[in-house]
Each structure stands twice: as C-alpha cells, then as structure tokens.
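First the proteins, then the strands, lettered A, B, ... as listed; each starts at 1.
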Amino acid sequence: MHMLEVKDIHKSYGDLEVLKGISFSMNKGETAVIIGTSGTGKSTLLRCINQLHPPDKGEIWLDGVNITDPKIDINKIRQKIGFVFQEFNLFNHLTALRNVSIGLEKVKGFTKEKAEKKAIEELKRVGLKDQAKQYPAQLSGGQKQRVGIARALAMDPTIILFDEPTSALDPELIGDVLDVMKSLAHKVAMLVVTHEMGFARNVADEIIFMEGGVIVESGPPKQMFQNPKKARTKEFLGRISTLYGKD
Amino acid sequence: MESLPSLLDGLYITLILTFISLIAGLFLGIGLALGRVYGGKIVSAICIGYIEIIRGTPLLVQLFIIYFAFPSIGITLEAIDAALLGLSLNSGAYQAEYLRGSIQSIPSGQMVAARTIGMTKLQSIKNIVLPQALRISIPAWSNELIYLLKYTSIVYIIQVKELTAEGKFIAAETFKFLEIFAIIAIIYLVLTIVFSTIIEKFEKKLRIPGLGEKAKIGLRNAL
C-alpha cells in the first residue's frame with residue numbers, strides 16, 4: 001500500500017479547469033518533485049491534497065484513509081500533512097519559538113513547557129536555535145522559511161508539501177533552505193513544487209512533470225533528465241536547465 | 001469650592017459611563033467585526049445592518065428611543081442604565097468598524113497557515129488573527145476612549161447626573177458660568193491627555209518587535 005495515493009483529481013475555478021485528472025502515488029519517506037511552467041496547476045494540486053481547496057472530483061488516500069471523504073475530520077488529517085509556503089506565512093506576533101510551538105499547544109494539546117521543548121528541538125534541526133526568541137520581522141527570508149519548515153515538522157507529519165519554498169528568497173539564501181530540506185529526505189515524505197533543478201536531480205526519488213493540468217511524464221531523476229520519453233519533457237528540461245543551471 | 005463634592009460625584013459617573021461603555025462596546029465590536037468578516041451571508045448582513053443603523057443615526061436619538069420610547073414596549077430603564085446601554089451599543093458599532101479594518105489588514109496567508117497545522121477556524125481567529133488585530137486597533141481605540149469620554153456629556157439630557165450635568169446645575173444656582181464650565185472643560189482636557197498618554201505607553205509595550213521598523217527607517221531616510 002502506498003502512503004499517499006492521488007486518484008484522478010479534478011479541480012475547476014469557475015469555468016477554468018485547472019486540474020484535469022491527476023493521479024500519482026508516493027511511498028513512505030519518499031521525495032517527489034513537481035516541475036512545470038507557471039499556471040499549470042502545481043500549487044492547486046498541493047492545496048487539493050491538504051483540502052485547503054477540496055477537489056471537485058477524485059480521491060486522495062493517506063495512510064490507507066480516504067481523506068476526501070466529507071465525513072472525515074480534516075483538522076485531524078491536516079496535522080499529518082505539513083505545508084511550507086512560498087511567502088512563509090509566519091505568525092507575525094509570535095517569536096520563532098512560539099510559531100513552532102503554538103500548533104503543538106493548541107492543536108495537539110501539549111502543555112506550554114512540553115510544546116516549547118519540542119519546538120526548540122525542531123528549531124535546532126533547521127539550525128535556528130539561537131533565533132528562537134526573535135520575531136519574524138527580525139529574521140531574514142531564509143531564516144523565516146526555515147522557521148516555516150520547523151513549524152511544519154513539529155506536528156510530526158507523514159508528508160510535507162512545499163509550495164515553491166525558495167522562490168521568494170534572495171539567491172544567496174536559497175542554499176540554507178535547500179540544505180535543510182535535503183537533511184529531511186527519507187525521514188519524512190516530501191512533495192515539492194520547485195524550479196530548483198539541482199535539488200530535483202540530487203534529492204528527488206521521483207520527478208513529476210506537469211503541464212496544462214495533467215501529468216505529462218514522471219519517473220526517477222536519471223530517466224527524466226537523461227532519457228525523457230516525451231518530447232515536451234525534453235524541451236522543458238532543456239529550457240529550465242539553461243535558466244537555472246544544470247546542477 | 002463647596003461645589004467640588006458634587007463635581008466629583010459627576011466625574012465619577014462620567015468615568016463609569018466611559019469605561020463600562022468602552023469595554024462593553026469592545027466585546028460587542030469584536031463580535032460584530034468577526035461576524036461581518038467570517039460570518040457567512042446572513043450573519044454578515046445582520047452585522048452590517050446593525051453597524052449602519054447605529055452609525056447612521058444620532059446618539060441623542062438612540063438615547064431618546066431607549067429612555068423614552070422603550071417604556072411603551074414594556075422596557076423601563078433607569079436613566080443611568082439607559083445611558084450605559086445607549087453608549088455601549090453605539091460604541092460597539094464604531095469599534096466593530098475599527099476592528100474590521102485591522103482584521104482585514106492581516107495577511108490572509110497567516111490564517112491559511114494556521115489551518116494547515118490543524119487549527120479550526122475558531123482557533124485560528126482566536127490565536128492568530130485577533131491578537132494581531134487588537135494590537136493594530138489600539139490607536140483607533142484611543143480615539144474611541146476620548147470620544148466616549150466627551151460624548152458621555154450628552155446623557156445629561158436624559159437626567160443622568162454626570163460631570164456636565166452637575167456643572168450646569170451648580171452654574172445655574174451660583175451664576176458662576178465661566179468658572180464652573182472652565183473647570184469642567186479643564187477636567188475633560190486633563191483626562192483625555194492622561195488617557196491618551198497611558199494608551200500610547202500600552203501600545204509601545206505591545207508593539208511587535210521588528211514590525212514596521214523598516215518602514216519607519218525608510219521614511220526617515222526619505223526625509
């Protein structure tokens with residue numbers, strides 16, 4: 001049984017059909033990278049998976065549970081699906097530490113002490129123990145994003161969804177965030193929408209190329225980069241490699 | 001000088017009216033603002049209707065309705081209670097609008113982020129949106145306090161013996177209009193200065209570190 005199974009997901013906004021039948025699956029601890037041009041439905045797909053935008057049609061199964069079932073308690077399921085945003089979306093009125101601990105306290109029912117102890121551990125994991133007492137406005141973009149990752153990690157998710165986690169960062173700050181993500185590989189499953197081809201090539205177990213609301217092709221990085229089956233995949237990867245560098 | 005004790009009595013009533021209405025108005029305002037922003041069509045329409053009716057009619061007319069017209073439908077209130085009710089209902093509508101502005105100024109991504117870690121809508125509002133919205137509303141709230149303090153003087157018309165009413169009574173008896181009303185004006189002035197200073201301190205203490213500082217530095221450089 002796969003940890004995550006996405007079955008024939010459709011999603012429209014008004015007359016515009018953004019997702020036209022997406023199916024794929026992921027195993028425990030696997031890293032999958034979704035690539036594709038802008039406006040192709042990559043972010044929408046992530047938002048369908050954690051039901052921020054429930055799909056119109058299709059099913060999503062996580063750990064053997066159909067989470068698109070309307071009877072399910074979605075707040076409970078969301079604890080198992082971490083989400084990291086392009087724009088960080090940290091809670092501005094809380095310190096880095098509280099950003100990470102508040103979910104443990106309010107959602108998981110930890111005591112404040114226990115929640116903060118675990119939050120410190122998570123901040124250590126992303127290399128920000130010394131910034132625990134700082135507020136988001138006092139952190140750099142890369143630090144903010146690492147707090148965002150720690151916030152997702154703290155809930156002990158089975159999978160974390162990353163929505164272009166480095167797209168809003170200055171180039172010199174991207175590396176820190178990618179290093180943290182790399183360190184999580186095989187410890188927690190990651191589904192990453194990104195244009196960072198180096199990360200895709202070196203860290204991903206599976207690359208999914210999306211265009212026009214469907215999956216054009218998917219496979220392990222080696223196959224996708226060296227022997228893509230579809231001409232469109234080859235063309236896209238060629239173009240993006242000149243843009244973002246080969247590694 | 002012999003008029004001082006009754007002025008103090010009046011001042012006491014003025015302060016009671018101001019603070020109770022401010023606090024009651026705050027809770028009413030929070031409810032109305034949340035209802036308006038998050039309430040769905042029907043709740044939102046009810047909140048908007050309330051806010052528009054209260055803001056679109058004079059406070060004096062509202063007080064007359066509560067004090068003089070309510071008895072005809074079987075609700076008779078003491079003057080002071082009618083004043084408290086009228087001022088609270090009125091302030092609630094204004095505070096709702098200040099708060100709504102603050103709530104809507106908070107980036108919606110924070111609410112989304114709260115939902116992604118499993119918070120319910122209510123938990124997200126309580127833990128993420130409100131603590132920030134209330135902070136942003138403090139300057140407007142300071143305004144409201146000052147308005148309310150002065151607006152309480154209007155309730156002398158329904159026979160509440162607050163500061164202005166006491167003053168008018170004493171002045172009419174002693175014919176010392178200039179002295180009495182000058183003293184009263186000074187009392188209001190001192191109170192507004194004291195209140196706004198306290199709230200400004202409070203605002204500084206609650207300011208979120210780092211937030212807004214860059215904008216300020218940018219402004220200073222531009223100047």
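Counting all heavy atoms, side chain and backbone alike, B:Ala113 lies closest to A:Arg151 at CB-NH2, 3.4 Å. Smallest separation of non-hydrogen atoms from A:His93 and B:Pro131: CD2-CB, 3.5 Å. Across all their heavy atoms, A:Ala137 and B:Pro209 have their closest contact at CB-O, 4.0 Å. Taking all atoms of both residues into account, the shortest heavy-atom contact from B:Met119 to A:Val107 is CG-CG2, 3.6 Å.
Using a 4.5 Å cut-off between heavy atoms, A:Leu90 touches chain B through its backbone atoms (N, CA, C, O) alone. Residue A:Phe91 touches chain B through both its backbone and its side chain, counting heavy-atom pairs closer than 4.5 Å. In this structure, the portion of A:Asn50 lying under 4.5 Å from any heavy atom of chain B is its side chain and not its backbone. In this structure, the portion of A:Leu52 lying under 4.5 Å from any heavy atom of chain B is its side chain and not its backbone. Of the atoms belonging to B:Gln123, it is side-chain heavy atoms, and not backbone ones, that fall under 4.5 Å from chain A.
With sequence neighbours excluded, the residues satisfying side-chain contact (heavy atoms from CB on, under 4.5 Å) with A:Asn75 are A:Asp73, A:Arg78, B:Arg115, B:Thr120.
For OH of B:Tyr151, the number of neighbouring non-hydrogen atoms (other residues, nucleotides, ligands) closer than 6.0 Å is 12 at most. Atom CD of B:Glu78 sits in a sparse spot, with 12 or fewer heavy atoms from other residues, nucleotides or ligands closer than 6.0 Å. Residue B:Tyr147 qualifies as open at atom OH: its count of foreign heavy atoms under 6.0 Å is 12 or below. Dense packing is recorded around NZ of A:Lys7, with more than 12 heavy atoms of other residues, nucleotides or ligands lying under 6.0 Å away. Within a 6.0 Å sphere centred on NZ of B:Lys161, other residues, nucleotides and ligands contribute 12 heavy atoms or fewer. More than 12 non-hydrogen atoms from other residues, nucleotides or ligands lie less than 6.0 angstrom from CD1 of B:Ile73. Heavy-atom contacts from other residues, nucleotides or ligands closer than 6.0 Å to CG of B:Leu189 number more than 12.
Contacts with chain B were tallied for A:Lys106, A:Glu87, A:Gln79; A:Lys106 has the most, counting heavy-atom pairs under 4.5 Å.
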Let me see the working for B:Val112 and A:Phe83 under side-chain contact (heavy atoms from CB on, under 4.5 Å), right down to the final yes or no. CA-CA 10 Å; B:Val112 176; A:Phe83 203 103; over 6 Å; no

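Looking at heavy atoms from C-beta onward, A:Ile102 lies in side-chain contact with B:Ile128 at the 4.5 angstrom threshold.
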